[in-house]
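Residue numbers count from 1 along this sequence.
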Amino acid sequence: MRLKSHIFVSSLLRNAFGRGGYAAVLRKGAEDAGAIFIRQRGRSGYETLYAPAPQNFFDEEGDTSRRFEVRLRGVEAEAVERALSSEIRFDPDCWIVELELDDCSDLFDLV
């Protein structure tokens, strides 16, 4: 069984604050299995959007980890807003988490 979304998000927030960064839930989704999108803001003013990785990146059928892919990197905030608006229309139960850290690569698994 995959780690519930609200537990994963809580852990992500705690780890970001533990590193001296800022984190917030911008949109709360389904507590058990909502898709999680991570919006990272850097000091440069540009943003990176991480989205759930497609299923073909999981090794086995029983793999319960959460993995993410970079959907947008180093873009203006408006581009991230447009992408997230589209995702919300497709899946209204999704989570959106914002991180203000220059490096968050080891907070979650990337493919």
message = Tell me if a side-chain donor or acceptor on Q40 pairs with a main-chain N or O of L101 at a distance below 3.5 Å.
response =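 Pair found, side chain donor or acceptor close to backbone of L101.
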request  = Could you tell me whether the side chain of S10 and the main chain of H6 form a donor-acceptor pair under 3.5 Å?
outcome  =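 Side chain of S10 to backbone of H6, a donor-acceptor pair under 3.5 Å: yes, one is there.
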Which atom of [X] lies closest to which atom of [Y], heavy atoms considered:
X    : Y   : value
D102 : G42 : OD1-CA, 3.8 Å
A24  : L13 : N-CD2, 3.7 Å
C94  : F37 : CB-CE1, 3.9 Å

message = Tell me which one of F8, F108, Y50 satisfies side-chain contact (heavy atoms from CB on, under 4.5 Å) with I36.
response =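 Looking at F8, F108, Y50, the match for I36 under the side-chain contact (heavy atoms from CB on, under 4.5 Å) is F8.
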query = What is the distance from atom CD of E98 to atom CG of L26, rounded to the nearest 0.5 Å?
reply =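 E98 CD to L26 CG: 5.0 Å, rounded to 0.5 Å.
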Rounded distance [0.5 Å steps], CD1 in I7 versus CG in L12 = 13.5 Å
message = Hydrophobic clustering (ILVMFWY, side-chain heavy atoms < 4.5 Å, transitive) - are F68 and V70 grouped together?
response =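 Same cluster: V70 reaches F68 through Ile, Leu, Val, Met, Phe, Trp or Tyr contacts under 4.5 Å.
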Single-linkage hydrophobic cluster V97~L84, side-chain heavy atoms < 4.5 angstrom =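 Unlinked, V97 and L84 end up in two clusters.
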Do [X] and [Y] touch side chain to side chain, with heavy atoms closer than 4.5 Å?
X   : Y    : value
W95 : K28  : yes
S5  : R66  : yes
L99 : L107 : yes
R27 : P92  : yes

Identify every side-chain donor-acceptor pair in residues 75-82 under 3.5 Å, counting partners at least two apart or on other chains, and give the distances.
unit_1: E81; atom_1: OE2; unit_2: R39; atom_2: NH1; d: 2.5
unit_1: E81; atom_1: OE2; unit_2: R39; atom_2: NH2; d: 3.1

inquiry  = A quick test of your reading: do over 12 heavy atoms of other residues, nucleotides or ligands sit less than 6.0 Å from CZ of R73?
reply    = no
